[in-house]
S.K.: 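Below are the structure tokens for one structure; questions will follow.
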Amino acid sequence: MELLQTLLDVFLHLDAHLNEWATTLGPWLYVVLFLVIFCETGLVVTPFLPGDSLLFAIGALASLDGSPISLPIMMALLIVAAVLGDAVNYAIGDYLGPQVFQYDGSRLFDPKHLVRTQEFYERHGRKTILLARFVPIVRTFAPFVAGIGRMTYPVFAMWNVSGAIVWVISLTLAGYFFGEIPIVKENFETVILAIVVLSVLPIAVEYLRARARAPRSA
């Protein structure tokens, strides 16, 4: 419980904690943030790590007079982290896919799920990889499922790179230009929560649409 409270405090007050870490870590802050973004996008076991909110907070920190970080360098590093994270996630999915779906008697590992995944990415894969960048949880699992579904790597790589560039630059610049506005700075916790809500909104909308389209049982 104490660990959960600590993580929640860090999440809601990223601006304050980033300032503390910058003072404590110095140049190592670049390494730490690189690893956070890499793990959040590259490991299916760490979807709880901050992504959108962290990028926004980094931009806000970079806008301060005498900021300890260089925004261009930070953005370049985080784009590389996001690209490598998705690439590793894809590779893991590509490697594990045949093994995960070889158990004929398992509903979870039914080979039919692999076929459905392949069909899904044939129809929606390209835009899914880019749009998933802005959706927590989905962002972590999309490249893994793309690997399992055998999306061709050149197609995946193109949308991986473009998605990483758009995601990192848009959110860090949003933090840079809006993070130090007095009303935003005074209500940073609310802004972070709003970013999360807006990020998961597409999932909620799609879920409601799917339920509305589903045939009603008699």
Side-chain angles (χ1 to χ4, degrees), residues 33-56 75-172 195-196 198-211 213-214:
L33 296 179
F34 179 97
L35 290 175
V36 170
I37 293 299
F38 172 81
C39 291
E40 198 264 352
T41 58
L43 304 176
V44 293
V45 295
T46 54
F48 55 84
L49 291 174
D52 301 337
S53 54
L54 179 62
L55 294 178
F56 186 89
M75 286 195 300
L77 283 174
L78 296 185
I79 288 171
V80 172
V83 170
L84 290 179
D86 265 26
V88 168
N89 217 340
Y90 174 95
I92 294 173
D94 181 62
Y95 175 76
L96 291 180
Q99 302 176 52
V100 168
F101 289 95
Q102 68 181 343
Y103 303 103
D104 295 333
S106 171
R107 293 182 61 186
L108 180 60
F109 300 136
D110 191 330
K112 294 179 182 177
H113 297 331
L114 178 58
V115 174
R116 293 192 190 101
T117 302
Q118 291 172 323
E119 292 174 349
F120 177 84
Y121 272 95
E122 286 175 2
R123 296 195 304 267
H124 309 293
R126 296 183 179 187
K127 66 179 181 180
T128 297
I129 295 302
L130 189 151
L131 295 177
R133 286 286 186 184
F134 296 87
V135 184
I137 307 298
V138 175
R139 174 169 56 246
T140 305
F141 284 93
F144 180 76
V145 176
I148 292 177
R150 293 292 194 267
M151 176 188 288
T152 59
Y153 191 77
V155 171
F156 172 81
M158 178 181 67
W159 289 98
N160 175 22
V161 173
S162 59
I165 292 172
V166 173
W167 181 53
V168 171
I169 291 180
S170 63
L171 285 168
T172 51
I195 291 174
V196 173
L198 290 174
S199 298
V200 300
L201 190 59
I203 297 178
V205 171
E206 185 58 34
Y207 173 76
L208 293 174
R209 286 179 176 174
R211 290 201 61 179
R213 291 193 300 264

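The structure displayed is predicted, hence computed values, not measured ones. Only this structure's heavy atoms are used, side chains among them; waters, hydrogens and symmetry mates stay out.
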S.K.: Check the pair Asn89 / Phe141 against side-chain contact (heavy atoms from CB on, under 4.5 Å), numbers first and verdict last.
M.R.: CA-CA 8 Å; Asn89 217 340; Phe141 284 93; over 6 Å; no

S.K.: Check Ile148 against Gly93 and note the closest heavy-atom contact, atom names and distance.
M.R.: CG1-O, 3.4 Å

S.K.: To the closest 0.5 Å, what do you measure between CG (Leu78) and CG (Leu33)?
M.R.: 6.5 Å

S.K.: Evaluate the side-chain proximity of Ile79 to Ile169: yes if any heavy-atom separation is below 4.5 Å, no if none is.
M.R.: yes

S.K.: Over all heavy atoms of both residues, which pair between Val83 and Ala164 is shortest? Give the atoms and the distance, please.
M.R.: CG2-CB, 3.5 Å

S.K.: Do Pro143 and Thr41 come close enough that some side-chain heavy atom pair is under 4.5 Å?
M.R.: no

S.K.: If you compare all heavy atoms of Asp86 against all heavy atoms of Arg133, which two are closest, and at what distance to 0.1 Å?
M.R.: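 What the structure gives for the nearest pair is OD2-NH2, 3.1 Å.
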
S.K.: Give the minimum heavy-atom separation between Phe134 and Ser170, together with the two atoms involved.
M.R.: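 Distance-wise, the nearest heavy atoms are CE2-OG, 3.6 Å.
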
S.K.: Which pair of non-hydrogen atoms, one from Leu55 and one from Trp167, has the smallest distance, and what is that distance?
M.R.: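 Closest heavy-atom pair between Leu55 and Trp167: CD1-CE2, 3.5 Å.
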
S.K.: What closest approach, in Å, do Leu49 and Glu40 show between heavy atoms, and which atom pair accounts for it?
M.R.: O-CG, 3.2 Å

S.K.: Counting distance only, does the side-chain N/O of Ser53 pair as donor-acceptor with the main-chain N or O of Pro50 below 3.5 Å?
M.R.: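 Side chain of Ser53 to backbone of Pro50: no pair is present.
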
S.K.: According to the interplanar angle, ranging from 0 to 90°, do the rings of Tyr153 and Phe156 count as parallel (below 30°), tilted (30 to 60°) or perpendicular (above 60°)?
M.R.: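 Aromatic pair Tyr153/Phe156 classed tilted.
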
S.K.: Donor-acceptor check, side chain of Thr46 to backbone of Cys39, threshold 3.5 angstrom: yes or no?
M.R.: yes

